[in-house]
Amino acid sequence: MTPLQRYIAEEIATDHVEGLLSRREALRRLGLLGMGAPAAVALLASCAESAQQSAPTTTTAAGSSASPSSPPPGTANAVAATPITFPGPEGRTLQAAWAEAAQPRGGVLVIHENRGLTDHIRSVTGRFAGAGYSALAVDLLSEEGGTATFTDQAAATAALSKIPQDRFVADLRAGLTELGRRVPGKRLGATGFCFGGGLTWLLLTSGTPELAAATPFYGPFPDGGQVTGSKAAVLAVYGALDARVDASRPAAEAALDQAGLPHESYVADNADHAFFNDTGPRYQPTAAAEAWRRVIDWYGRYLG
């Protein structure tokens, strides 16, 4: 398994351990990834054992007055995202969601979770535009017909797991080129969530000098990754209860230190993996509001 495939498999197992997926559904999804039944059963058992040994202590979130009834952060001024297509690598056509700021201060590439280009990611794209940053979210399943062609969300995730990492990097770089064309002369940033957070790190470790800033949300840092080819100022966002991804934070911080890049890590109290996704079961409104505030402040500092 590639690191990203392993990440997706562990995410499925963690969802089962935390009661978000039945055992039957978790095994079905692992099977779609290509895991045999013995390996899948062993992974579920291993994740359950790890969860028992490292159960975090819940703390109280601070820094925001958000409540469960508050609108998701950034939605008040959000711009409607529209579907577009643009030329991709090797003559391929890429699908995307595009949201244009009235007076762009910069551009943001939004990288989706392992469910593909969903309504939530379209919403986030529009929220950035509402905050003054024209935004583009590439559908990384474009070659497979686009996320909308998958009626089974688990099948979309499985399809993403089979795509070579080089194609992800190439498609995302094409997205940056298209974004730069649409906001000429402006600085560019990248924000990704979960799987997309990992791809944000992958972009940085692949060398992307066109990025002035990046804000990966709870994404795993690549094993042995170096960011010496990047010039981006990085704000890395984590959830305090997300032990699996948090374990890669020291390596990310060490790589950023070694590269001499401006960087900060925000670890949200009382927040788990995917806490920013207001359509998911782990949504934590207080942490989401504070993370959004910090991200917009970060882009204000490094994009304009």
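In what follows, every heavy atom counts, from backbone to side chain, and hydrogens, waters and symmetry copies are set aside.
- The shortest side-chain heavy-atom distance between P281 and Y283 does not fall under the 4.5 Å cut-off.
- When Q284, E113, R282 are each tested for a side chain to side chain donor-acceptor pair (under 3.5 Å) with N277, only one passes: E113.
- At least one side-chain heavy atom of L4 sits less than 4.5 Å from a side-chain heavy atom of Q165.
- In this structure, V108 is a member of the same hydrophobic cluster as I296, with clusters built from ILVMFWY side-chain heavy atoms closer than 4.5 Å.
- Residues W292 and V110 share a single hydrophobic cluster, defined by chaining ILVMFWY side chains whose heavy atoms lie under 4.5 Å apart.
- Inter-residue side-chain proximity for D223 and R6 is flagged as met; some heavy-atom pair is nearer than 4.5 Å.
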Legend entry - Residues D15, R23; criterion salt bridge (charged side-chain N to carboxylate O under 4.0 Å, His left out); working and verdict: CA-CA 10 Å; D15 284 351; R23 180 180 176 84; over 6 Å; no

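- Here the NE2 atom belonging to H16 is positioned 8.0 Å from the OG atom belonging to S22, to the nearest 0.5 angstrom.
- In this structure, L30 is not a member of the same hydrophobic cluster as L32, with clusters built from ILVMFWY side-chain heavy atoms closer than 4.5 Å.
- Contact between G107 and L303 at its shortest, heavy atoms only, is O-CD1, 3.9 Å.
- L211 places a side-chain heavy atom less than 4.5 Å from the side chain of L176.
- Ion pair R294/D297 not flagged as a salt bridge, since none of the NZ, NE, NH1 or NH2 atoms sits closer than 4.0 Å to an Asp/Glu carboxylate oxygen.
- A donor-acceptor pair under 3.5 Å is absent between the side-chain atoms of Y266 and the main chain of E290, judged by distance alone.
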Inset, instruction - Test salt bridge (charged side-chain N to carboxylate O under 4.0 Å, His left out) on R29 and D152 and set out the steps. - result: CA-CA 10 Å; R29 295 189 181 199; D152 180 0; 5.9 Å; no

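- Looking at H273 and E11, their side chains do bring a donor and an acceptor atom within 3.5 Å of each other.
- Ring-plane geometry between F168 and F195 is classed as perpendicular, the angle between the planes exceeding 60 degrees on a 0 to 90 degree scale with a lower cut at 30.
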Show me, pair by pair, the donor-acceptor contacts under 3.5 angstrom made by side chains of residues 252-262, not counting sequence neighbours?
{"from": "E253", "atom 1": "OE2", "to": "R249", "atom 2": "NH1", "distance (Å)": "3.3"}
{"from": "E253", "atom 1": "OE2", "to": "S265", "atom 2": "OG", "distance (Å)": "2.7"}
{"from": "D257", "atom 1": "OD1", "to": "H263", "atom 2": "NE2", "distance (Å)": "2.6"}

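- Residues C194 and A274 approach most closely at SG-CB, 3.9 Å, considering heavy atoms.
- A donor-acceptor pair is defined here as one N or O able to donate and one able to accept, closer than 3.5 Å; no such pair exists between the side chain of S230 and the backbone of G207.
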Legend entry - salt bridge (charged side-chain N to carboxylate O under 4.0 Å, His left out) assessment of E144 paired with R167: CA-CA 13 Å; E144 288 70 31; R167 195 183 106 184; 2.9 Å; yes

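- The two atoms that bring P222 and T205 nearest to each other are CG-OG1, 3.9 Å, heavy atoms only.
- Atom CD of E178 sits about 5.5 Å away from atom CD1 of I84, to the nearest 0.5 Å.
- Between the R115 side chain and the Q153 main chain, no donor and acceptor come within less than 3.5 Å of each other.
- Under a 4.0 Å N-O distance rule, the pair R92/D171 qualifies as a salt bridge.
- At distances below 3.5 Å, not a single donor-acceptor pair connects side-chain atoms of S46 with backbone N or O atoms of L43.
- No side-chain donor-acceptor contact under 3.5 Å links T85 to the backbone of L94.
- Side-chain contact check for D119 versus T279: every heavy-atom pair is 4.5 Å or farther apart.
- Proximity of Y302 to L235: side-chain heavy atoms (C-beta onward) are nowhere separated by under 4.5 Å.
- With hydrogens and angles disregarded, a donor-acceptor distance shorter than 3.5 Å links the side chain of T200 to the backbone of G196.
- A pairwise comparison of heavy atoms in L33 and T157 identifies CD2-O, 4.5 Å as the closest pair.
- The two residues I8 and S161 make their nearest non-hydrogen contact at CD1-CB, 3.8 Å.
- Under 4.0 Å is where a charged nitrogen must lie from a carboxylate oxygen, and between R244 and D272 no such pair does.
- For the atom pair OG (S134) and CG (L109), the distance works out to 13.0 Å, reported to the nearest 0.5 Å.
- Ion pair E210/K186 not flagged as a salt bridge, since none of the NZ, NE, NH1 or NH2 atoms sits closer than 4.0 Å to an Asp/Glu carboxylate oxygen.
- No hydrogens or angles considered: a donor-acceptor pair under 3.5 Å links the side chains of R105 and Y133.
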Using atom types as modelled, flag every donor-acceptor pair under 3.5 Å from a side chain in residues 212-221 to any protein atom, sequence neighbours excluded.
{"from": "T215", "atom 1": "OG1", "to": "T191", "atom 2": "OG1", "distance (Å)": "2.5"}
{"from": "T215", "atom 1": "OG1", "to": "Y299", "atom 2": "OH", "distance (Å)": "3.0"}
{"from": "Y218", "atom 1": "OH", "to": "F276", "atom 2": "N", "distance (Å)": "3.1"}

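- Atom CD in E49 sits 13.0 Å away from atom CG in L44 (nearest 0.5 Å).
- Listed by first and then second residue, the ring-ring contact (aromatic ring centres under 6.0 Å, His included) pairs involving residues 85-125 amount to none (not counting sequence neighbours).
- Judged purely by atom type and a 3.5 angstrom limit, T75 has no side-chain atom pairing as donor or acceptor with the backbone of P71.
- Side-chain contact between L141 and I163: present, with at least one pair of heavy atoms (C-beta onward) separated by less than 4.5 Å.
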Legend entry - R181/T177 under side chain to side chain donor-acceptor pair (under 3.5 Å): CA gap, chis, key distance, verdict: CA-CA 6 Å; R181 187 184 70 79; T177 299; over 6 Å; no

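- Atom-to-atom distance recorded for M35:CE and Q5:CD is 10.5 Å, nearest 0.5 angstrom.
- Under the 3.5 Å distance criterion, the side-chain polar atoms of S142 are left unmatched by any main-chain donor or acceptor of V138.
- Between the side chain of T125 and the backbone N or O of A81, no donor-acceptor pair lies under 3.5 Å.
- Counting only heavy atoms from C-beta outward, the side chains of V124 and F193 approach each other to under 4.5 Å.
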Inset, instruction - Determine, step by step, whether F128 and V295 satisfy the side chain to side chain contact (heavy atoms under 4.5 Å, CB included) criterion, reporting the C-alpha distance in whole Å, the side-chain angles of both residues, the deciding distance to 0.1 Å, and the verdict. - result: CA-CA 10 Å; F128 275 117; V295 166; 3.9 Å; yes

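- Note that CG of L140 is 7.5 Å distant from CD1 of I111, once rounded to the nearest 0.5 Å.
- Using a cutoff of 4.0 Å between basic side-chain nitrogens and carboxylate oxygens, D139 and R122 are not scored as salt-bridged.
- Scanning all heavy atoms of the two residues, the minimum distance from L160 to N114 falls at CD1-O, 3.3 Å.
- Judged purely by atom type and a 3.5 angstrom limit, T208 uses its side chain to pair as donor or acceptor with the backbone of L203.
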